[in-house]
There are 2 protein chains.
Amino acid sequence: MSGTRTARSFVSAQQVAELAGVSRSAVSRTFTDGASVSETTRQKVMKAADSLGYHVNHLARSLINEDSGIVCIIGAEINTPYQARMLDALTRRLQAISRVGMVINTAGDSSSVELALRQTLNYRAGATIVLSGAPPANLIKTCVASGQKVILINRDDHLDGPKNITLDNTAAAREAFLMLQRAGCERLAVVSSLAGTPSLVARTKGFQAAAAEAGLKVTVTATGPTSYASGFEAGRVLLSGSDRPQAAFCVTDLLACGFMDAARFEFGLSVPQEICVIGFDDIEQAGWASYNLTTFKQPIDQIADHIMRLLAEPGDSASDDGTACFQAVPVWRRSVRPR
Amino acid sequence: MSGTRTARSFVSAQQVAELAGVSRSAVSRTFTDGASVSETTRQKVMKAADSLGYHVNHLARSLINEDSGIVCIIGAEINTPYQARMLDALTRRLQAISRVGMVINTAGDSSSVELALRQTLNYRAGATIVLSGAPPANLIKTCVASGQKVILINRDDHLDGPKNITLDNTAAAREAFLMLQRAGCERLAVVSSLAGTPSLVARTKGFQAAAAEAGLKVTVTATGPTSYASGFEAGRVLLSGSDRPQAAFCVTDLLACGFMDAARFEFGLSVPQEICVIGFDDIEQAGWASYNLTTFKQPIDQIADHIMRLLAEPGDSASDDGTACFQAVPVWRRSVRPR
DNA sequence: CGGTGCGTTGCAACCCCGTGCAACGTTCCG
DNA sequence: CGGAACGTTGCACGGGGTTGCAACGCACCG
């Protein structure tokens, strides 16, 4: 409204102050919660700010309080259903507490996790959430030393600075074994990938251990990345032999979907009559009629809530050792025989 | 390595300078590309910086050049396969050109799009990409006036400031009709949602128009959000009648998957023998063996590349009118009868 | 009427960094 | 050996915002 403004740059508090006929401090205080400004000047300032299109520069503001309000979220494979859902849950909540998420996609390259962590420092992020990837320990230490909150999800290396969030993978895997055992399955398989992340390994090991205790042997496959295609491939390999497994525990729903499709379309097997399948994560597709996959639900909302609680805490409260462990709950559908 | 540092705050260039025994400018120049520093001081500075854990404050840096290097990405429904893939493509590329993406989840609430756009200004983002939602025109104007690049995807309101990226939905919809016509289908349906976004509407209208020209009538359904469940529900309704459609054009793959499952599992129909289905987007699940969905592929990589090109351009080049239109290409799988 | 207390306001310093400018040291050449 | 040319370095300022401090105006009270 203020005539032609061809400057093509951001409006500063100075300009607003001049237009409103007050000092720059007054403008600042108008936009600072709890500062002392009279109602009349506040009005003047707001009017001037509106007409110029002024917005507080959070960057300059954070020069002082050393926290930009930015929360870094580091992940590879953002387009995976599970991570996408986590991202959705996190960004939605951040928006609600008027903070903001910076998403850094490390694209699987391990060295770029380091780069990502550097960005976190460059932008004075108040917190960093690592969804996947193995960040170098020394950089994490720098983050913590700088007063950042570092939150690691599903990593097993328990450093003391960062907060860890884990899932009780072992318990879930044992439960999975019991479910298959009760269904009367004896020849068992685990379908995993070559990713080798701590949680995937824990699920595999947990299942193996439970089976071993029961005196049953387990065939373990690991192919490619953690994807539908890998599950399909695993199915092709596992099911071609003469005495094929009667049940498969797939460490991820994506793998499970691929495995199921291989079983049905490559070998004409019916699920769960001829082969039982259990997945992990409870991604949306697991509930689709074509799959109806019995699986374990990660409590994403609980985890996200917990993270928000961590962010709200005062910075120096190392109340506990910083580790929170959540339970994955079984979701019964139709890919395992009942009883 | 530098003894105990209990300060718990970020390291400044000043501290590095003192430790290295040089001036603060020297430190600054060491971390600025193309600045003149001798090799010896650079070494000294780097060593000091390393031992203190120093990282340049991008925020302070951006006070000067008025661009924080942050690119805002605004979207609702991040966990949708299509948007997740777009997000992945974008963040990956941003990382490669050492910029960074700030993801703002507007969570469907229309007023929060405004909030999101405000954040964009607060953080002096160099560019804003709007994946979904209808941003208020006046705020967009402020963004553009502030020198930001605003990129709107799949919106049809063509303001002059922002760059628009669209898909030729009409052409694709016509092509979809032809594919079904050639397959010998006469009773046709369109499955859409209540979201009412421009692209969904365009697909529906385009299909209807093409059918009308050929003298065929089309039943149009629109239920709920753009999801699997809505597609399923649509199927349940459409297929229960006596003369059910022989083919359905679902304006989204998610809808298509739901529709297919309803057809198969609720009514025992086989695809494509008894009913043909075409989707849109080519999400990953469309390629899964359970669906084998014939669909239209959105050229996400091309679009992402194009956006990067827009970001690389000098700010004031309004070379063209700012609209780029991409073609969706048909992907033949097994959900439509050949010939 | 003077003093006190309170709310508001402006000044100036500071947050961290980049950069023009001038001074400095060095090398090289005439 | 003197001077020019050049690369390096430090100083000081600016960028936008916050904040302690002091000054100011005002109402209230004794």
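To find a chain, count down the sequence lines: A is the first, B the second, and so on, and within it residues start at 1.
What separates CG of B/Asn122 from P of D/dG17 is a distance of 10 Å, to the nearest Å. One can place CZ of B/Arg29 at 6 Å from C1' of D/dT9, the figure rounded to the nearest angstrom. If you measure from atom CG of B/Asp67 to atom P of D/dG15, you get 18 Å, rounded to the nearest angstrom. If you measure from atom CG of B/Asn65 to atom P of C/dT19, you get 8 Å, rounded to the nearest angstrom. We find that NZ of A/Lys44 is positioned 13 Å from C1' of C/dG10, with the value rounded to whole Å. One interatomic measurement links the two molecules: CZ of A/Arg24 to C1' of D/dT19, which rounds to 11 Å at whole-angstrom precision. Here the P atom of nucleotide C/dC16 and the CG atom of B/Leu63 are 12 Å apart, to the nearest Å. In this entry the distance linking CG of B/Asn57 with P of C/dC15 reads 13 Å, nearest Å.
The base of C/dC17 is not paired with the side chain of B/Ser62 by any donor and acceptor separated by under 3.5 Å. Between the side chain of B/Arg61 and the base of D/dG15, no donor-acceptor pair of N or O atoms lies under 3.5 Å. The base of C/dC17 does not come close enough to the side chain of B/Thr32 for any donor and acceptor atom to sit less than 3.5 Å apart.
With values rounded to the nearest 0.5 angstrom, B/Thr91 atom OG1 is found 14.5 Å from B/Met102 atom CE. Considering CZ of B/Arg92 and CD of A/Glu77, their distance stands at 8.0 Å, rounded to 0.5 Å. Here the CG atom belonging to B/Leu63 is positioned 7.0 Å from the CG atom belonging to A/Leu59, to the nearest 0.5 angstrom.
Comparing D/dG10, D/dT9, D/dT18 against the side chain of B/Thr41 picks out D/dT9 as the nearest. Between D/dT19, D/dT9, C/dT9, one nucleotide has an atom nearer to the side chain of A/Ser38 than all others, and that is C/dT9. Distances were taken from every side-chain heavy atom of A/Ser12 (C-beta onward) to each of D/dG17, C/dC17, C/dT9; the shortest belongs to D/dG17. When distances are taken from the side chain of B/Ala13 to each of C/dC17, D/dG16, C/dT9, the shortest belongs to C/dC17.
Where A/Gln14 and B/Ala26 meet DNA chain D, the nucleotide closest to each residue was compared, and B/Ala26 sits on the side nearer the 5' end. Of the two residues contacting DNA chain D, namely B/Val22 and A/His55, the nearest-nucleotide position lying further toward the 5' end is that of B/Val22. Mapped onto DNA chain C by nearest heavy atom, A/Glu39 and B/Ile64 fall at different nucleotides, with A/Glu39 at the one closer to the 5' end.
Side-chain N/O atoms of B/Ser28 include one lying less than 4.0 angstrom from OP1 or OP2 on C/dG18. Side-chain nitrogen and oxygen atoms of A/Ser36 include at least one within less than 4.0 Å of the OP1 or OP2 phosphate oxygen of C/dT8. Contact annotation: A/Tyr54 reaches the phosphate of D/dG17 (side-chain N/O to OP1 or OP2, under 4.0 Å).
A centroid separation of 6.0 Å or more is found between the aromatic rings of A/Tyr54 and A/Phe10.
Among the atoms of the strands shown, only primed sugar atoms or phosphate atoms (P, OP1, OP2) are found under 4.0 Å from some heavy atom of A/Val37.
The pair A/Asp305-A/Arg309 fails the salt-bridge criterion, with no side-chain N (NZ, NE, NH1 or NH2) lying under 4.0 Å from an Asp/Glu carboxylate O.
Here the rule is salt bridge (Lys or Arg N to Asp or Glu O under 4.0 Å) with B/Asp67, and of B/Arg99, B/Lys149, B/Arg61 only B/Arg99 fits it.
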